[in-house]
Amino acid sequence: MNTLNKEKPLLITIAISHYCEKVRWALDYLDIDYLEENHALPFHRQYTSRYGGTSVPVLVIGDRVFTDSKDILHYLNTISSDKQLYPQDAELRNQVETLEELFDRKLGVATRCWAYYYAIKKPLKIALAWGKGASIIEKIKIALAFSKIPDLLSKNYNVTPEGKDAALQDIREVFTVVNQKLNSGQKYLVGDCLTAADLTFAALASPVLRPKNHPLYDSQLSKLPTERLVVIEELRATPAGKLVSRLYREQR
Ligand SMILES: N[C@@H](CCC(=O)N[C@@H](CS)C(=O)NCC(=O)O)C(=O)O
């Protein structure tokens, strides 16, 4: 276990956020001890704003603050004594960073929109999910405000029929890039061990793939609408989808 001299890092999250899962996985993988503080969306802002951030995850470690998952992973890499998320070799590192950027910017946004599109008709269920791990006050506040959730989702995450179609196109484009990277049977996206690219892809693809062994998402598909099920099964069967199930099975 990496022991940090000062305080334990504090990870501020919305538990079900896939960007938070990315960082949680990195911390676990690098064997760094931390405290996680869960909030219910949108009440997280009261806490992230104290550190100059808006979204989650936010990582606070001593007097250092990181408000973006990519910056957090880079920092964690510098304090990890054994395992590394970014290769030493400049060319390989550049490949990892380029993929991570693509997944953060395009895949994570698209999988979130696509998954919320199918959940939006049950806002109370979303309220309960957002409240996971949060204080009782936040749980109550979000449950009472559940009827405002559909509006918030369509405004902030473009959760509309058109938004969902565009999101699925983006997801397919990113899966094509990943399938091409894996076309000679490689075990990992870059080099021969797990990097930030694999971990980011797996965490951010999860709202669609719902892999077994995910700490928060249910992998059972039986109750899902056919339209959603068909896409999940199609993507799970690709080399990229298989990479995600293997990583969750073997390295999460
Ligand atoms: N680029 C950011 C994106 C994080 C992000 O989009 N977080 C969402 C949760 S999935 C969030 O905090 N949304 C609420 C908000 O922006 O206030 C990162 O990689 O950390």
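The residues of the chain are indexed from 1 along the displayed sequence. As the structure lists them, so they are numbered: ligands from 1, and atoms in each ligand from 1.
At the top of the distance list for atom 20 (O) of ligand 1, counting protein heavy atoms only, stands Ser69 N, 2.8 Å. Of the protein's non-hydrogen atoms, Asp68 OD2, 3.4 Å is the one closest to atom 2 (C) of ligand 1. Here the heavy atom of the protein found nearest to atom 13 (N) of ligand 1 is Tyr157 OH, 2.8 Å. Counting only heavy atoms of the protein, atom 7 (N) of ligand 1 lies nearest to Val56 O, 2.9 Å. From the protein, the heavy atom lying nearest to atom 9 (C) of ligand 1 is Ser17 OG, 3.6 Å. The protein heavy-atom contact nearest to atom 16 (O) of ligand 1 is Arg45 NH2, 3.4 Å.
Within 6.0 Å of NZ in Lys132 there are 12 or fewer heavy atoms belonging to other residues, nucleotides or ligands. Atom CD of Gln88 has 12 or fewer heavy atoms from other residues, nucleotides or ligands within 6.0 Å. More than 12 heavy atoms of other shown residues, nucleotides or ligands fall within 6.0 angstrom of atom NZ in Lys83. More than 12 heavy atoms of other residues, nucleotides or ligands sit less than 6.0 Å from atom CG of Asn183.
Checking only distances, Arg112 does come within under 3.5 Å of ligand 1, N or O to N or O. In terms of N/O distances under 3.5 Å, ligand 1 is approached by His44.
With hydrogens and angles disregarded, no donor-acceptor distance shorter than 3.5 Å links the side chain of His18 to the backbone of Ser206.
For the pair Arg246 and Tyr188, the cation-pi test (distance below 6.0 Å, angle within 45°) is passed.
Every atom of ligand 1 is numbered from 1 in the order shown, and the set under 4.0 Å from a heavy atom of Pro57 is 20 (O).
Looking only at atom types and distance, the side chain of Glu21 has no donor-acceptor partner in the side chain of Tyr217 under 3.5 Å away.
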